[in-house]
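First the structure, in the form of structure tokens, and then the observations on it.
Just so you know, residue 1 is the first one in the sequence shown, and it goes up from there. On a predicted model such as this, the values are computed, not experimentally measured, just so you know. We count ligands from 1, going down the list as the structure has it; atoms in each ligand are counted the same way.
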Amino acid sequence: MDLAKTVKRRISELSAIGSDPTGGMTRLLYTDSWKEAQNWVVNELQSFGMVTEFDEVGNLFGRTEGSASKKTIMSGSHIDTVANGGTLDGQYGVIAAMTAMEYLIETHGQPKKALEVISMAEEEGSRFPTVFWGSKNFVGEAVRTDVEGIADSTGAKFVEEMRRQGFDFKEKQTRREDIDAFVEIHIEQGNVLEKEQLQIGVVNNIAGQRRYTVVLKGQANHAGTTPMGYRHDAVYGFAKICSEAIDKAKAVGDPLVLTFGKVEPKPNTVNVVSGEVVFTIDCRHTDAAELIDFTTALEKRIQEISAEEGLTATIDLWMDEAPVPMNEEIVATIEAQAKKGNYNYRVMHSGAGHDSQVIAPHYPTAMIFVPSIDGISHNPAEETKFEDLVEGVKILADTLYELAY
Ligand SMILES: [Zn+2]
């Protein structure tokens, strides 16, 4: 087979399913285009002899048995997209897995361990208020009551939509015992590889995240009649907190990142001193202790600065996810392949969340990144140089060969 040609054909065919008239694509969980995409994957997997099977919730598996062992080497990613997303997030990992495995079977025959593709039902949380529905069901961690009452923005109910596509809850959340390794390949969705002119990222860690919503309360007052000394200005308090925290984050540097992404002053009017600012904090780090230390110190400074300015602060920590290290042996295997094949690579962490973080606590897991042009993702402009996409499939094939043959 012509590896590059096959990758090109598969990306173009799968991208046509759910494509938006304005560019990009929208393939939300349990919609008709989502089902059509999974069925397209079934056909592709069967075209080179894989045995396919859906689980109860709509995760799709394609398998070639091993000659010497029932153990399984698995690769894949998610088939769903964000609304008006790009053509690589998720589906590149599914296409790369099937193409690498097809190439290996054609070149080297039956593997010793089974090779299996997984096309996961959902990762993005872009239709219903739930994320990782696919991988959580795969590892036996999904909670039925988390989705039983939820609906999308049009009012369509999760459970009804799932059943409409012929799927249903798993009777029991079970975990497979045969998975020896899971390797997910994904676009970086950042600009590190591009800036460093590299083609491959060997991912050794998925960063932990803490997210907060903070309400700073002061006193709304007349902008003309309230002297500076008599103000309790929530915007000023926010500005001090934000500027000091970002200075500190810059001083700490990689891999810490800190973002004040949403800021809402009230009443948000030209001639009124702000009486309240609601803002969010998103902080990520690959080391659990460093993440906790940095954010705990920040919480303390928010209270101190608020007190100095005559404000009150209510701090709500609503997401607290620990970093997920990738399996050292598989990371070493990928890196060894990168060295052997003279790939242009570096070892790096992932700042974004991925299915691999759900799977890693259960099975030996690692990830490979390919560059994203300008770091753009979740956007129709999401793009990767075609030769980089092909390099990704090649190193994935080299890695799977090492693991399964
Ligand atoms: Zn993704």
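Note: His354 and Phe369 meet the aromatic proximity criterion, with ring centroids under 6.0 Å apart.
In summary, His354 places no N/O/S atom under 2.8 Å from the Zn ion (ligand 1), failing the contact criterion. For the Zn ion (ligand 1), the set of nearby N, O or S atoms under 2.8 Å includes none belonging to Asp355.
In this structure, the side chains of Leu60 and Ile118 stay at 4.5 Å or more apart for every pair of heavy atoms.
Within Asp89, OD1 is the N, O or S atom that lies nearest to the Zn ion (ligand 1).
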Take Phe128 and Trp133 through the test ring pair (Phe, Tyr, Trp, His ring centres under 6.0 Å) and record every step on the way to the result.
CA-CA 10 Å; Phe128 300 101; Trp133 178 243; 9.6 Å; no
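Around the Zn ion (ligand 1), the two atoms NE2 of His78 and NE2 of His186 are separated by an angle of 120°, to 10 degrees.
Few gaps surround CD on Glu308; more than 12 heavy atoms of other groups in view lie less than 6.0 Å from it.
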